[in-house]
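Quick notes on the structure that follows.
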Number of protein chains: 2
Amino acid sequence: MDDQPQWLTDEEMEAWLALVSLLIKLPQALDGQLQRDAGISHFEYQVLAGLSMSPGRTIRMSELAQLSDGSLSRLSHVVSRLEKRGWVRRCTDPGDGRYTLAMLTDEGWDKVVETAPGHVATVREVVINPLTKAQIRQLRDIGRRITDAADPGGTCPR
Amino acid sequence: MDDQPQWLTDEEMEAWLALVSLLIKLPQALDGQLQRDAGISHFEYQVLAGLSMSPGRTIRMSELAQLSDGSLSRLSHVVSRLEKRGWVRRCTDPGDGRYTLAMLTDEGWDKVVETAPGHVATVREVVINPLTKAQIRQLRDIGRRITDAADPGGTCPR
DNA sequence: CTCCATGACTTGAAGCGTCAAGTAAAGTGG
DNA sequence: CCACTTTACTTGACGCTTCAAGTCATGGAG
């Protein structure tokens with residue numbers, strides 16, 4: 001924080017406004033497609049996808065929370081819903097009773113398999129295709145820098 | 001949409017994952033600072049800021065909705081809350097009874113004035129400072145391209 | 001061995017956003 | 001000038017996220 005408010009320059013303001021619009025509209029587009037085509041939110045998709053890529057399609061809740069960039073509480077609620085829908089099951093870690101393991105059921109796996117292509121197509125259409133190859137690399141670097149600054153702890157450093 | 005799912009390459013995936021993290025963590029950081037320091041959400045700040053920059057500190061609801069990148073419904077709810085807090089007042093447009101004019105009260109103006117410096121400082125800290133001058137320009141271009149693709153109508157083209 | 005601190009969740013209430021209706025004013029065709 | 005459509009919102013219900021407790025299992029200190 002500076003003593004002087006230090007207002008944004010025109011260039012900075014343009015970038016900032018573009019980013020704010022992005023922050024509102026991209027999630028809408030992603031959630032919209034998944035909700036329409038698969039009846040799930042983007043975060044639910046991330047959770048299912050995270051599970052599907054874990055060894056044994058099983059993973060600890062806390063690890064899944066980091067993988068999907070969400071709080072443990074949020075994840076707990078979401079997994080409850082996914083469990084009711086029959087896509088995930090929970091059980092206590094046999095080795096350490098504090099951990100809870102989430103595992104993807106066969107129905108959950110099928111759901112991911114049937115949902116993924118449409119989702120990837122949307123990501124391509126909205127994010128990848130509009131950008132040049134150079135911009136894709138720039139986006140990765142910019143995203144990482146801002147994310148690091150916004151979440152200093154990182155929830156997974158060490 | 002393609003026939004083939006056409007999976008993402010490594011570079012594309014890296015950029016995509018970086019963007020997904022950004023989408024989650026940046027709003028958290030922005031909302032967090034404003035909530036802690038001023039007791040308002042980022043969207044409420046945008047609405048107040050939009051009003052404060054309008055001529056006569058007054059603007060139509062529909063124009064304010066576009067300015068702040070929100071739906072009319074969302075704006076209506078938010079303005080109701082801001083009205084209860086005494087920062088905004090609503091009245092019907094004398095010229096055309098369908099429009100509603102939102103106007104910033106003096107208390108609302110004071111709120112913006114006292115909140116802005118801390119918010120700008122956070123934006124600087126989290127978004128502007130971590131980037132080079134070139135990256136700031138890149139961010140603007142990338143943001144615009146993705147936003148255009150995600151929101152084809154644009155809610156304000158023509 | 002017991003008590004307490006810590007870690008890993010789960011739960012419930014409260015607040016916000018979205019969607020689907022509903023309302024009211026202005027424009028438009030006959 | 002009257003019905004009908006369009007435009008600009010407002011409202012209510014529902015679902016999801018967050019926040020603050022609360023629970024249960026482990027690991028240590030004495």
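Proteins come first, then strands; the chains are lettered A, B, ... in the order of their sequence lines, and each starts at number 1.
- Qualifying side chain to side chain donor-acceptor pair (under 3.5 Å) partners for A:Asp96, counting only residues two or more places apart in sequence or in other chains: A:Arg98.
- Counting only heavy atoms from C-beta outward, the side chains of B:Gln135 and A:Gln138 never approach each other to under 4.5 Å.
- Among pairs with a residue in residues 70-83 of chain B, those fulfilling side-chain hydrogen bond (donor to acceptor under 3.5 Å, both in side chains) read B:Ser80-B:Arg90, B:Glu83-B:Arg90, at least two apart in sequence or across chains.
- B:Ser41 and B:Asp31 form no side-chain donor-acceptor contact under 3.5 Å, judged by distance and modelled atom types alone.
- First and last contacting nucleotides of DNA chain C toward chain A (any atom under 4.0 angstrom from a heavy atom, 5' to 3' order): C:dG7 to C:dT18.
- Under a 4.0 Å N-O distance rule, the pair A:Arg124/B:Glu12 qualifies as a salt bridge.
- Residue contacts shown for A:Gln28 are limited to sugar-phosphate atoms, with no base heavy atom under 4.0 Å away.
- Across all strands, B:Gln35 comes closer than 4.0 Å to no nucleic acid atom at all (heavy-atom distances).
- B:Gln33 and B:Asp37 form a side-chain donor-acceptor contact under 3.5 Å, judged by distance and modelled atom types alone.
- The heavy-atom pair separating B:Pro27 from B:Leu22 by the smallest distance is CD-O, 3.5 Å.
- We find that B:Glu107 and B:Arg85 are not joined by a salt bridge, their nearest charged nitrogen and carboxylate oxygen being 4.0 Å or further apart.
- Listed by residue number, B:Leu72, B:Ser73, B:Ser76, B:His77 are the residues of residues 71-82 of chain B with a heavy-atom contact under 4.0 Å to DNA chain D.
- In this structure the side chain of B:Glu14 never reaches within 4.5 angstrom of the side chain of A:Arg137, judged on heavy atoms.
- Note: the hydrophobic cluster containing B:Val20 also contains A:Leu139 (ILVMFWY, side chain heavy atoms under 4.5 Å, direct or indirect links).
- Shown for residues 91-100 of chain A: residues whose heavy atoms fall under 4.0 angstrom of DNA chain D, namely A:Asp96, A:Gly97, A:Arg98.
- Cluster membership for B:Leu104 and B:Tyr99, using ILVMFWY side-chain heavy atoms within less than 4.5 angstrom, is not shared.
- The hydrophobic cluster containing A:Trp87 also contains A:Met61, counting ILVMFWY residues as joined when their side-chain heavy atoms lie under 4.5 angstrom apart, directly or transitively.
- When each of A:Phe43 and B:Leu101 is assigned the nucleotide of DNA chain D with its nearest heavy atom, B:Leu101 is the one assigned upstream, toward the 5' end.
- Taking 4.0 Å as the cutoff to heavy atoms of chain A, we find the contact window on DNA chain D bounded by D:dC16 to D:dT26.
- Taking the side chain as every heavy atom from C-beta outward, A:Leu51 and A:Met103 never approach each other to under 4.5 Å.
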